[in-house]
Structure formats: structure tokens, C-alpha cells
Amino acid sequence: MKTLSAKFAFSSGKLSQIPRDGLREFAFIGRSNVGKSSLINMLTCQKGLAKVSGTPGKTRLINHFLVEGTPGWYLVDLPGYGYARASKTVRAGFDRLITDYVTKADKLWFLFVLVDARHAPQKIDIDFMTMLGEKGVPFGVVFTKADKLGTNALAASIANYKQSLLNQWEELPAIFVTSSERKTGGEDILGFIEKHLDTEE
Ligand code: GTP
Ligand code: MG
């Protein structure tokens with residue numbers, strides 16, 4: 001896999017703290033524990049760049065990682081939504097931060113919504129995608145933890161998910177299948193980002 005040269009740039013607890021330097025942002029969102037931070041580490045081939053944890057709710061701020069290039073761009077690690085064990089107030093704070101970011105960040109170029117490849121479509125993810133559709137935020141779906149299923153079960157789970165997306169949308173969003181454990185699926189995401197970096201404002 002092509003290696004990205006990336007380094008931690010900054011953490012923000014509010015939208016207003018994100019520096020406006022004009023660089024494009026590609027962000028990763030999804031339920032707590034779905035594998036957002038692990039995926040960023042896989043894409044950058046740096047094990048400890050984004051903090052990974054078996055305990056949901058690890059990432060509590062918006063973390064920007066600068067990818068070198070001309071121009072450079074950012075990989076953005078977001079806190080997970082729907083963290084059941086957080087208090088209502090903490091959860092509402094995260095949810096506000098996430099919604100603010102995805103709907104108002106000027107340079108958010110594309111949002112990857114991560115879902116666990118093992119699960120049937122969950123209401124919280126579908127509702128989130130509906131909100132993205134309504135707000136006109138460009139997004140794709142990334143199936144994570146593909147290593148946890150055998151080939152046939154994986155294909156069936158993804159086919160089922162696609163079918164349920166087609167019940168709501170006329171067209172499928174971009175779809176990616178990944179395993180950070182086995183380091184698979186990263187090239188497709190990087191190739192997709194590269195293409196998007198070539199698009200005009
Ligand atoms: P929060 O920051 O808490 O929202 O979680 P996150 O979405 O960033 O998830 P994180 O990357 O921290 O991973 C959560 C757990 O899932 C960790 O124990 C990871 O090792 C595990 N995990 C992540 N990706 C994979 C994968 O592709 N395969 C397997 N088997 N486990 C994974
Ligand atoms: Mg995380």
C-alpha cells in the first residue's frame with residue numbers, strides 16, 4: 001500500500017478552534033468503537049498516530065492529521081456518536097460537536113461513515129446518513145472489521161446493507177470494505193481521496 005506521510009496537527013473541542021488554513025479535510029465518523037482511529041492508523045501506516053482503545057468513547061476531540069503533499073490535506077478523526085455509556089450531557093456535547101463539524105466545516109471535502117461489517121443496518125447510522133443527505137454533505141460508507149466474517153458471510157452482510165440503502169436512496173454511495181487488522185481496503189480509500197483532491201472547489 002502507498003504510504004502517506006502524516007503527522008498530528010491539532011485537536012479541537014469546538015468548531016471555532018479549527019484553524020482555517022484552506023487545506024481540504026477527509027473525515028471519518030461512525031459509532032463509538034467501530035474502528036475510526038484504527039483505520040486512520042492503517043492509512044498512514046503509523047500504529048500509534050490516532051489513539052485506539054477497546055473502550056468505546058476513546059476519541060473525544062476532533063483530531064486533525066496533516067498529510068504532506070502539494071497541497072497538503074487533512075485526515076480527520078472524529079469522536080464516535082451514540083456512545084451509550086456516556087452521560088446524557090457528555091453525549092449531547094459530542095453530538096453537537098460532530099453535527100457542527102460535519103454541517104459547517106468549510107473544507108470538509110468528503111466524509112467516510114464507518115459501519116461494522118458484521119451488523120445489519122442500525123437506526124443511528126441510517127439516521128445520521130439521512131441527515132447528511134438532507135444537508136448535502138458528500139459521504140461514503142466504509143465497512144470495518146471485515147476480518148471478523150468469512151468470505152460468504154461478509155458478502156451477504158454487505159449485500160443486505162446495500163439493499164437497505166437502496167430502499168432509501170436511488171443511488172448507492174461510494175462503498176469500501178476494510179480490515180485494519182488485516183490491513184485491507186486502504187488502497188481503495190486512498191485512491192478515492194486522491195481523485196477527490198483533483199476536483200475543483
Ligand atoms: P472511539 O474513538 O471510541 O469512537 O472508537 P474508534 O471508532 O476510533 O475505534 P478504534 O479504532 O479505537 O477501535 C476500537 C476497537 O476495535 C479496538 O479494540 C480495535 O483494535 C478494534 N478494531 C478496529 N478495527 C478493527 C478491524 O479491522 N478488525 C478487528 N478485528 N478489530 C478492529
Ligand atoms: Mg477513535
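Order of listing sets the numbers, starting from 1, for every ligand and every atom in it. None of these values were measured; they are calculated from a predicted model.
No side-chain donor from either of Y74 and N63 sits under 3.5 Å from a side-chain acceptor of the other. There is no side-chain donor-acceptor pair under 3.5 Å between D116 and T144.
Checking only distances, A146 never comes within under 3.5 Å of ligand 1, N or O to N or O. For a threshold of 3.5 Å applied to N or O pairs, the pair formed by K145 and ligand 1 contains at least one separation below that value. Of the polar atoms of T178, none of the N or O atoms is found under 3.5 Å from an N or O of ligand 1, judged by distance alone.
Distances below 4.0 Å separate heavy atoms of S179 from the following atoms of ligand 1: 27 (O). Atoms of ligand 1 found under 4.0 Å from any heavy atom of V34, numbered from 1 in the order shown, are 7 (O). Per-residue contacts place G80 under 4.0 angstrom from the following atoms of ligand 1 (heavy atoms of the residue considered): 4 (O). Interface of S38 with ligand 1, defined as ligand atoms under 4.0 Å from a residue heavy atom, comprises 10 (P), 11 (O), 13 (O), 19 (C), 23 (C), 24 (N).
The Mg ion (ligand 2) has no N, O or S atom of S32 closer than 2.8 Å.
Contact annotation: for R182 versus ligand 1, there are no heavy atoms closer than 4.0 Å.
Side chains of F28 and L78 form no contact here, defined as non-hydrogen atoms less than 4.5 Å apart.
Counting only distance, with no hydrogens or angles, the side chain of Q122 and the backbone of A120 share a donor-acceptor pair below 3.5 Å. Looking only at distances, no side-chain donor or acceptor of Q163 sits under 3.5 Å from a matching main-chain atom of A159.
Of the listed options K183, K36, R118, K36 places a heavy atom closest to atom 7 (O) of ligand 1.
Relative to the ring axis of W73, R24 does not place its NZ or CZ within 45° and under 6.0 Å from the centre.
Contact annotation: D147 has at least one heavy atom less than 4.0 Å from an atom of ligand 1.
More than 12 heavy atoms of other residues, nucleotides or ligands lie within 6.0 Å of CZ in R118, so this atom counts as buried by the packing criterion.
Summarising the geometry of L23 relative to G72, their closest heavy-atom pair is CD2-O, 3.5 Å, with the distance given to 0.1 Å.
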